[in-house]
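Data block below; observations after.
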Amino acid sequence: MRVRREPPKGTVIGFAFSVASCSLSWQDQVMACHHDLAQVDIYEKLPVPFGLVRFGVAPDHPEVKNVINTFTHTARSDRCAYYGNVTVGRDVTVGELQQAYHAVVLSYGAEDNRVLGIPGENLSGVYSARAFVGWYNGLPENRDLKPDLSCETALIVGHGNVALDIARILLSPLDFLRTDITDCSLAALACSKVKRVWLAGRRGPLQVAFTIKELREMINLPGTQPVLNPADFTGLENAVKDAPRPRKRLTELMVKTALEKPREKAAMVQAAIPRLWGLKFQRSPQEVLPTPDGTRVRGVRMALTRLEGLGESAKAVPTGDVEELECGLVLSSIGYRSLPLDPAVPFDTQHGVIPNSSGRVMGVPGLYCSGWVKRGPVGVIITTMNDSFDTAQSVLEDLQGGVLDVSVSREGFGAVGSILHSRGIRPVSFSDWEKIDAAEVARGKAAGKPREKIVDPQEMLQLIGH
Ligand SMILES: Cc1cc2nc3c(=O)[nH]c(=O)nc-3n(C[C@H](O)[C@H](O)[C@H](O)COP(=O)(O)OP(=O)(O)OC[C@H]3O[C@@H](n4cnc5c(N)ncnc54)[C@H](O)[C@@H]3O)c2cc1C
Ligand SMILES: NC(=O)c1ccc[n+]([C@@H]2O[C@H](COP(=O)([O-])OP(=O)(O)OC[C@H]3O[C@@H](n4cnc5c(N)ncnc54)[C@H](OP(=O)(O)O)[C@@H]3O)[C@@H](O)[C@H]2O)c1
Ligand SMILES: *[C@@H]1O[C@H](CO)[C@@H](O)[C@H](O)[C@H]1NC(C)=O
Ligand SMILES: *[C@@H]1O[C@H](CO)[C@@H](O)[C@H](O)[C@H]1NC(C)=O
Ligand SMILES: *[C@@H]1O[C@H](CO)[C@@H](O)[C@H](O)[C@H]1NC(C)=O
Ligand SMILES: *[C@@H]1O[C@H](CO)[C@@H](O)[C@H](O)[C@H]1NC(C)=O
C-alpha cells in the first residue's frame, strides 16, 4: 500500500500488498473504505487471481465462488491494481517491495502440504490431497498429475473438509461435476474404477475436523451408501450432551447414520457397482505397502490408537496393534503448510506461520501478514476474511499512530515495475485476466459448463498477447 499525498494529486505514498488472495482483496476493501488516499497493489504468483477460491474450493460448490464477484469489484477500483505472474521472493524481494511502498502485507497462503513421514509415502498411487485438488481444479502445477484411478478401493487419510471434498469428487455422479472442473479430470473420473472410499482418522468421532453441512452432503450423495460401524459410536450421544452445539449436532448425525438401515437397499443390491464410503477411526497410517514388484501401493498398514484425554484435545496413542487395509489409491489429506518466501521475513517453521501480533510481523515495522500464512492452514473463507479485517485494522492504526512514516512519498509500482522489467518479468494485469476469464467462459459454453479453465500458462500468455 502507498498513501497518496495531496498536493500534488496522484503522487503516491502508500501501501502495497505483496500477494493476492481472497483475504487480500478483502483487506483492500477495508483499506479503500477507510483510507481514501490509500493505493493498493496486489502481487500474485500465478497469472490468474483468487487463490484457493479458484484452485481449492470444490467444482461442485459453485455458489462458494460467488465471493469472486466481491474481489473483482475491489480489483476494478481505480485505487487498486493487480500484478499477476510475479513471484514475490523470487522476481522481487520483500525488501524491494518495502522500499517501494509504505506498508506490505504478506498474504500468500499455504503452498505446500504436511507429509505423513512414513515409509512408502512416495510410492506410485499415493497423492497429497493438495496435488489431487490442484489437478481437478486446473492448477497449472498439477495439470499433469494423471492420478491412477484404476483400482476399486481408495483410502483418504484425514477427517477434514478437504478429505470429504475428495471423497465426494471420487464418488459423485458425473452430472454433479459438470461445473468448472477441468475437462481432462472429468474424463479421468468418467473412467474411474473407484467404488469404495475409506476416510481414516487417527482420532475418534468426537475429534473429526469436517463440518455438518459437508458430512450431510456426503451422506445424501445419490448412488452411494455410507458405511459407519455402530460400535464406533456407542455412548457418544451421552458424551456430547454438554459439548458445543455444532459438535453435538455433527455427532448426532453420525450416530443416526450409523444406526440407519441401508438406504436404497433394493436398488443397491441390483446395482452393478454400488459405491460405498465410510469413516474409520483411531487408525494412524504406519506404512504404505508396495505391490510384490515394489512399483505401487497395494495397501496401508495402520496403527490402531487409543485416545488419551477428552474432547477435542484428546491425543491418539498407538496401542501396538496394527491392521492392514487394502487399497490401490491413497490420498493424504492431513493439511496444507505455508513456506517461508524470503529470508528477510521471520518464519516459525515449527508452526508454519509468520510470527505476528494482530498481523504485525514481529520485528519488522511496516510489514504485515494475513490469511493462512498468519493463522495456519485452517478456516473457511469467512474466517480468513475476518482475520484480514484485523490485519487491515492494524495497518490503519499504524498509519494513524505515525508508526508508518508517510511523509516521504513512495513510488510503488513505478519502482517495482522497473525492477521487474529489468529482470524480464512481464506482469499480467487485471484486464489481462478478464480476457482470460472471457476465453474460459466461452470455451465452457460449448460443453455446457460455466467455464473451461485454461491450465497451461503458455496458452494464457498467447491469449493476452504477451
Ligand atoms: C481444498 C480446499 C477447499 C476449500 N473449500 C472451501 C469452501 O468450500 N468454503 C470455504 O469457505 N473455504 C474453503 N476453503 C478454505 C479457503 O480456501 C481458505 O480459507 C482461504 O482461501 C485462505 O486464503 P489465503 O489468502 O490465506 O490463501 P490462498 O487462497 O491460498 O491465497 C494465497 C495466494 O498467494 C499466492 N502466492 C503464493 N506464494 C506467492 C508468492 N511467493 N508470490 C506471490 N503470490 C504468491 C497464491 O498463488 C495464492 O493465489 C478450502 C480450502 C482448501 C484447501
Ligand atoms: N466446504 C468447506 O467449507 C471446506 C472445504 C474444504 C476445506 N475447508 C476448510 O479448509 C481448512 C483446511 O481443511 P483440511 O481438511 O486440509 O484440514 P483440517 O480441517 O485441519 O483437517 C486435517 C485432518 O488431518 C488429520 N491429520 C493431521 N495430521 C495427521 C497425521 N500426521 N496423521 C493422521 N492424520 C492427520 C487431522 O487429524 P487431527 O485432528 O487428529 O490432527 C484432521 O482430521 C479447514 O478449516 C476446512 O474447514 C472448508
Ligand atoms: C519422499 O520423497 C521426498 C522428495 O523426493 C523426500 O524428501 C522424502 O524423504 C521421501 N519420503 C520417504 C518416506 O521416503
Ligand atoms: C499471528 O496472529 C494470529 C491471529 O491474530 C494468531 O492466532 C497467531 O498465533 C499469531 N502467530 C504468532 C506466531 O504469533
Ligand atoms: C466474522 O466476524 C463477524 C463480526 O465480527 C462475526 O459475527 C462472525 O461470527 C465471524 N465469523 C467467523 C467465521 O469467524
Ligand atoms: C510469466 O512470467 C514468466 C517469466 O517469469 C514467463 O516465462 C511467462 O511466460 C509469464 N506468463 C504470463 C502468462 O505472462
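Since the model is a prediction, treat every value here as computed from it, not as a measurement.
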*asked:* Just to verify, which of F71, Y82, F50 counts as forming a ring-ring contact (aromatic ring centres under 6.0 Å, His included) with W433?
replied: F50

*Who pairs with Y136 by ring-ring contact (aromatic ring centres under 6.0 Å, His included), at least two apart in sequence or on another chain?*
F132

*Return yes if some donor-acceptor pair links the side-chain N/O of E121 with the main-chain N/O of L116 below 3.5 Å, else return no.*
yes

_Check this for me: K65, atom NZ, are more than 12 non-hydrogen atoms of other residues, nucleotides or ligands nearer than 6.0 Å?_
yes

*Do the side chains of V133 and D165 get nearer than 4.5 Å, heavy atoms only?*
no

*Interatomic distance, R247 atom CZ to T211 atom OG1 [nearest 0.5 angstrom]*: 10.0 Å

*asked:* Within this structure, what is the CE-CD1 distance for the pair M362 and I354, rounded to the nearest 0.5 Å?
replied: 12.0 Å

*Can you find a pair of side-chain heavy atoms, one from V197 and one from I166, that are under 4.5 Å apart?*
no

*Is it true that a side-chain atom of T391 and a backbone atom of C369 form a donor plus acceptor pair closer than 3.5 Å?*
yes

*How about D91 and Y43: does a side-chain donor come under 3.5 Å of a side-chain acceptor?*
no

*Is R76 paired with E434 through a side-chain N to carboxylate O contact shorter than 4.0 Å?*
yes

*Give the minimum heavy-atom separation between V92 and R423, together with the two atoms involved.*
CA-NH1, 3.7 Å

*Between V300 and P285, what is the shortest heavy-atom contact and its length?*
CG1-CB, 4.0 Å

*What's the spacing between K453 NZ and S185 OG if we round to 0.5 Å?*
9.0 Å

_Side-chain donor or acceptor of D148 paired with backbone N/O of G125 under 3.5 Å_ = no

*List for me each residue that meets ring-ring contact (aromatic ring centres under 6.0 Å, His included) alongside F413, sequence neighbours excluded, and say none if there are none.*
Y83

*No-hydrogen, no-angle side-chain donor-acceptor test under 3.5 Å, T383 and N386*: no

*pair L250-F210: side-chain heavy atoms closer than 4.5 Å*: yes

*Pairwise side-chain contact, L463 with K435, heavy-atom cut-off 4.5 Å (strictly under)*: no

*With side-chain hydrogen bond (donor to acceptor under 3.5 Å, both in side chains) as the test, would you mind laying out the steps for S429 and D432 before giving the verdict?*
CA-CA 5 Å; S429 69; D432 287 338; 3.3 Å; yes

_How about NE2 on H61, more than 12 heavy atoms from neighbouring residues, nucleotides or ligands closer than 6.0 Å, or not?_
yes

*What distance do M218 atom CE and L164 atom CG have between them, rounded to the nearest 0.5 Å?*
7.0 Å

*Enumerate the residue pairs fulfilling side chain to side chain donor-acceptor pair (under 3.5 Å) with a member in residues 347-358, sequence neighbours excluded, ordered by first and then second residue.*
D348-H351

*Could you give the distance from CD (E141) to CG (L46), rounded to the nearest 0.5 Å?*
8.5 Å

*Within a strict 4.5 Å, meaning less than it, do heavy atoms of the F281 and H159 side chains meet?*
yes

*Would you indicate whether the side-chain heavy atoms of W277 and I219 approach each other to under 4.5 Å?*
yes

*Taking side chain as C-beta onward, heavy atoms only, is V416 less than 4.5 Å from Y101?*
yes

*Is a side-chain donor or acceptor of D398 paired with a backbone partner of V395 at a separation under 3.5 angstrom?*
no

*asked:* Has D60 got a side-chain atom pairing as donor or acceptor with L177's backbone, closer than 3.5 angstrom?
replied: no

_Treating R203 as the side-chain partner and A314 as the backbone partner, does any N or O pair qualify as donor plus acceptor under 3.5 Å?_
yes

_Candidate pair W135 and C184, rule side-chain contact (heavy atoms from CB on, under 4.5 Å), full reasoning_ = CA-CA 9 Å; W135 169 71; C184 122; 4.2 Å; yes

_Partners meeting ring-ring contact (aromatic ring centres under 6.0 Å, His included) with W198 (sequence neighbours left out)_ = none

*Does T70 offer a backbone N or O that forms a donor-acceptor pair with the side chain of T74 under 3.5 Å?*
yes

_For the backbone of G278 and the side chain of R196, can you confirm whether one donor and one acceptor N or O come within less than 3.5 Å of each other?_
no

*Which atom names give the shortest non-hydrogen contact between D78 and Q39, and what distance separates them?*
O-OE1, 4.0 Å

*Please tell me if the side chains of V364 and V345 come closer than 4.5 Å, counting only heavy atoms from C-beta onward.*
no

*Would you mind listing every side chain to side chain donor-acceptor pair (under 3.5 Å) that reaches into residues 437-449, with sequence neighbours excluded?*
R54-E440, D437-R451, E440-R451, R443-E459, K449-E452

Donor-acceptor pairs under 3.5 angstrom involving side-chain atoms of residues 327-340: please list them, not counting sequence neighbours.
| residue | atom | partner | partner atom | Å |
| --- | --- | --- | --- | --- |
| S333 | OG | A163 | N | 3.3 |
| R337 | NH2 | D112 | OD2 | 2.9 |
| S338 | OG | G109 | O | 2.8 |

*Can you tell me how far CD1 of I169 sits from CG of L171, rounded to the nearest 0.5 angstrom?*
10.0 Å

*asked:* On a heavy-atom basis, which atom in F176 and which in P222 lie closest, and how many Å separate them?
replied: CZ-CG, 3.5 Å

*Without swapping roles, check the side chain of S77 against the backbone of H73 for a donor-acceptor pair under 3.5 Å.*
no

*Distance-minimising heavy-atom pair for G134 and N142*: CA-OD1, 3.5 Å

*asked:* I'd like to know if the side chain of T384 and the backbone of V380 have a donor-acceptor N/O pair within less than 3.5 Å.
replied: yes

*Derivation of the side-chain contact (heavy atoms from CB on, under 4.5 Å) call for V88 and D342*: CA-CA 8 Å; V88 175; D342 187 306; 5.7 Å; no

